[in-house]
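In what follows, every chain begins at residue 1, and chains take the letters A, B, ... in the order their sequences are listed. Keep in mind the model is a prediction, meaning the values are calculated, not measured.
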There are 2 protein chains.
Amino acid sequence: MAGATLRDVARRAGVSIRTVSNVVNASVPVSEELRTRVEAALEELDYRPNLVARNLRRGRTGMLALVVPELDVPYFAELAREVITAARAHGYVVMLDQTDGDGERERELLGRGSRATMFDGLLLSPLAISADELRTRANRVPVVLLGEHIFNGDFHHVAIDNVAAAREATEHLVAMGCRRIAAIGDQPYSTGETAQLRTVGYRQALEQAGLPVDDSLIVSTPRFHRRLGAQAMRRLLALPEPPDAVFCYNDLLALGAMRELTKAGVRVPEDIAVVGVDGIQEGEYSSPTLTTIAPDKAHIARTAVGTLVSVIEGTAPPPADSRAPYRLVVRDSSRRA
Amino acid sequence: MAGATLRDVARRAGVSIRTVSNVVNASVPVSEELRTRVEAALEELDYRPNLVARNLRRGRTGMLALVVPELDVPYFAELAREVITAARAHGYVVMLDQTDGDGERERELLGRGSRATMFDGLLLSPLAISADELRTRANRVPVVLLGEHIFNGDFHHVAIDNVAAAREATEHLVAMGCRRIAAIGDQPYSTGETAQLRTVGYRQALEQAGLPVDDSLIVSTPRFHRRLGAQAMRRLLALPEPPDAVFCYNDLLALGAMRELTKAGVRVPEDIAVVGVDGIQEGEYSSPTLTTIAPDKAHIARTAVGTLVSVIEGTAPPPADSRAPYRLVVRDSSRRA
DNA sequence: CCCAGGTATTGCATCGTTGCAAAAGGCGAC
DNA sequence: GTCGCCTTTTGCAACGATGCAATACCTGGG
């Protein structure tokens, strides 16, 4: 059961431990004869290097941690997939954890008893943690932030231009002839600012189009879940003058809203057009299919992992915001004559 | 940058390394005076234990690996969430990897150069790997299988009763008055047998209801994705005598099929009723909402992690199949007058 | 036949921590 | 005053691997 060590193999092959190590790592030339003998012994004992020991010696683990609020949120699942793939390309594996949007959990990650020493770098999609906290706590592990911005200049950060993306989504609705466009997902009280940036973009688009900004059309939601999208939509439908379009700050909100509309017998997009953000696969198959701002998740993952690896290797430039590309994908939920 | 070690703290507090270790681990009583001094030093140097070293010494890493085919498949994402939660309850963290259903990738996991020595146990949702391979390769790491069965008696295994579940789903359609019930998702050629078991249950239900089994109504799909569900549905619609219901082997297939039906102007459930398997959140908000067989994912995760932990600790009973509970959740996609 | 120079092989120390068992210290009992 | 016991503290070795530098070996040239 207990695995064979270099020593066991060395004894069996009648060579030194060091020689076995040399064969295993192929770093130093080894004579044909010994190599054969050692390889036979390796085979017979089914040797596997103990990576914990190797990591201790080398001072690196080859593991990255990816921390997201909720893994069952499709955006994060799809992003995680890309991150794992990107990490593999760099020779890293990924430890995955979720915080449930709990600030306590995020702090744990960086605190005293954490497993932070077990991975070489951290990809964090923060929700509740603040800039100061992160700065004072994350002095050990290289960090790259995903999505939420938190604070200027202190950390590497990868995300789309939220203002521009939101503006573009709203402009699209304007171009489709919508005049009373609601927004679902603002978070004026939150520590994170992604939602607030999207509100800025939404307002910009309305103003540029010469449309009035009606605050009763902006519905806040504490999280970005389907249920909350449905709930928000219900409120909008109850207004004396309901909207003719909704820009949702993510696809789950949009899908929840669409469900509510369908249930209420409101036609999408004829009566109310819907746009989301995230470009999750679910939106390709919903009824109707969902128009969305789709960030290039593979790009985000590659950039974030690449940056993190260069931070680990000490070859990274100073922290900077990286703007990831996105596309407006127009589908049925907003396609009007 | 480089973290302080026990030695640094010891030097600073003027005590032995061992005493610092005792304070940190609180395992052995330490006098009030020294404890205070050591704790001050720990604080000043912001000491964090090097977990790699600790793991080497203790021979355990506190990490479990969860390997699934695809993380962006909602079922696996939702399951992963539960697994991470269950693992945390046992003091473990989770390394997550995906195989893309690639047998090669699965083999790598267990092979020579793998990171298998970095985690204490493996939760594997296999797709392509065979029983023999697993048996000869997984002699090192404790393994618990999720979903796919692979082989009797060699490995701990957690899954629902696929025959019964499929039978129940089909019976439900029969009870709703459907008489020409199709099945999407058979995999007669696959190494895995989940799909085949579901086909068995489907046939049993039809036979018990006295309905003919029409092989042209059983559509195979190599994977369980939305696109393939849509494709399969297209084929069924093209039949001279299309079905009046479809049992899909998972929710993604069902959602793909429903999309195709909506596009074709076929009403669900009036013209064709649809049932899926997996109980993913997406089905609660699709239009129409999706009837599904919902395995208790939290139960699966808890059982699997609990079993794995007991295998690791050497207190596990011999390998056995564990049947996880599931529920038939009836929603609009199959609700007929 | 010996030596230089290169290659192949090895021993030792080390990564940071913990298990074990011995040493040191304190205190009451005889 | 001394012994023995209990508590606190410590030193040493070990987990399994690799970096470094020294040794052993080998070949060809003088």
Side-chain angles (χ1 to χ4, degrees), chain A residues 1-39 41-42 45-63 112-120 140, chain B residues 1-39 41-42 45-63 112-120 140:
Chain A
M1 190 66 185
T5 71
L6 283 184
R7 181 155 76 217
D8 303 329
V9 178
R11 197 135 44 194
R12 174 139 194 153
V15 298
S16 77
I17 293 179
R18 199 57 248 237
T19 298
V20 180
S21 171
N22 288 338
V23 171
V24 170
N25 290 300
S27 47
V28 176
V30 176
S31 71
E32 197 52 34
E33 188 204 338
L34 284 198
R35 148 167 297 118
T36 316
R37 228 160 71 208
V38 169
E39 277 170 352
L42 286 171
L45 297 176
D46 191 21
Y47 170 80
R48 318 275 176 106
N50 180 325
L51 295 182
V52 177
R54 175 179 289 174
N55 292 340
L56 173 60
R57 188 62 243 243
R58 291 192 178 162
R60 297 201 11 213
T61 63
M63 295 206 319
R112 180 62 54 74
S114 88
R115 310 221 177 225
T117 55
M118 266 176 60
F119 36 79
D120 299 333
R140 283 284 200 286
Chain B
M1 191 66 185
T5 71
L6 283 184
R7 183 156 72 214
D8 302 328
V9 178
R11 198 138 38 195
R12 174 138 194 152
V15 299
S16 76
I17 292 180
R18 196 58 246 234
T19 299
V20 180
S21 171
N22 287 338
V23 171
V24 170
N25 291 298
S27 47
V28 176
V30 176
S31 71
E32 197 51 34
E33 188 205 336
L34 283 198
R35 148 167 299 118
T36 316
R37 229 160 71 210
V38 169
E39 277 170 353
L42 286 171
L45 297 176
D46 192 21
Y47 170 81
R48 318 276 178 105
N50 180 323
L51 295 182
V52 177
R54 176 179 288 176
N55 292 339
L56 172 60
R57 187 59 243 239
R58 292 192 178 161
R60 298 201 10 214
T61 63
M63 295 205 322
R112 180 61 53 77
S114 88
R115 307 218 178 229
T117 54
M118 265 175 59
F119 37 76
D120 300 331
R140 282 283 200 287

Counterpart residues, side chain to side chain contact (heavy atoms under 4.5 Å, CB included), relative to [X] (two or more places apart):
X	value
Arg57(B)	none
Asn22(A)	Arg18(A), Ser27(A), Val28(A), Val30(A)
Ser31(A)	Glu33(A), Leu34(A)
Arg58(A)	Asn25(A), Arg54(A)

Quiz prompt | Opening and closing nucleotides of DNA chain C in contact with chain B, under 4.0 Å to non-hydrogen atoms | solution =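 It runs dG16(C) to dC20(C).
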
Quiz item: Just wondering, do Val24(A) and Tyr47(A) contact through their side chains at under 4.5 Å, heavy atoms?
Solution: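 Touching, per the 4.5 Å side-chain cut-off.
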
Self-check item: Neighbours of DNA chain D within residues 14-24 of chain B, by heavy-atom distance under 4.0 Å
Solution: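 By residue number: Val15(B), Ser16(B), Arg18(B), Thr19(B), Asn22(B).
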
Exercise. May I ask you to list the residues of residues 29-37 of chain A, by number, that have any heavy atom positioned under 4.0 Å from an atom of DNA chain C?
Key: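 Pro29(A), Val30(A), Ser31(A), Leu34(A) - these, ordered by number, are the residues of the stretch whose heavy atoms sit under 4.0 Å from the strand.
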
Taking all atoms of both residues into account, what is the closest heavy-atom pair of [X] and [Y], and its distance?
X	Y	value
Ala41(A)	Val9(A)	CB-CG1, 3.8 Å
Arg37(B)	Val15(B)	NH2-CG1, 3.7 Å
Leu56(B)	Ala53(A)	CD1-CB, 3.8 Å
Leu6(A)	Ser21(A)	CD1-CB, 3.9 Å

Quiz prompt | All side chain to side chain donor-acceptor pair (under 3.5 Å) counterparts of Ser16(A), not counting sequence neighbours | solution =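 With sequence neighbours excluded, Ser16(A) shows a side chain to side chain donor-acceptor pair (under 3.5 Å) to Thr19(A), given in chain and number order.
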
Exercise. For Asn50(B), check side chain to side chain donor-acceptor pair (under 3.5 Å) against everything at least two apart and list the hits.
Key: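 In terms of side chain to side chain donor-acceptor pair (under 3.5 Å), with neighbours along the sequence ignored, Asn50(B) is linked to no residue.
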
Self-check item: Residue pairs passing the salt bridge (charged side-chain N to carboxylate O under 4.0 Å, His left out) test where at least one lies in residues 3-14 of chain A, sequence neighbours excluded
Solution: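 Qualifying pairs, neighbours excluded: Asp8(A)-Arg11(A), Arg12(A)-Glu44(A).
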
Quiz prompt | Gap between atom CE of Met63(B) and atom CE of Met63(A) - 0.5 Å precision | solution =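 Going from the CE atom of Met63(A) to the CE atom of Met63(B) covers 4.0 Å.
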
Quiz item: Quick check: does any side chain N or O of Thr117(A) sit under 3.5 Å from a backbone N or O of Val52(B), one acting as donor and the other as acceptor?
Solution: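 Judged by distance alone, no pair lies under 3.5 Å.
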
Quiz item: Do side-chain atoms of Thr61(A) reach the backbone of Asn55(A) as a donor and acceptor pair under 3.5 angstrom?
Solution: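 Flag not set: sc Thr61(A) to bb Asn55(A) has no pair under 3.5 Å.
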
Exercise. Considering only heavy atoms of chain B and a distance under 4.0 Å, specify the first and last nucleotide of DNA chain D in 5' to 3' order that meet this criterion.
Key: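 Reading along DNA chain D, I get dT8(D) to dG16(D).
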
Quiz prompt | Estimated bend of the helix from dC1(C)-dG30(D) to dC30(C)-dG1(D) (axis per five terminal pairs, rounded to 10 degrees) | solution =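 Between the first-five-pair axis and the last-five-pair axis there is 70°.
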
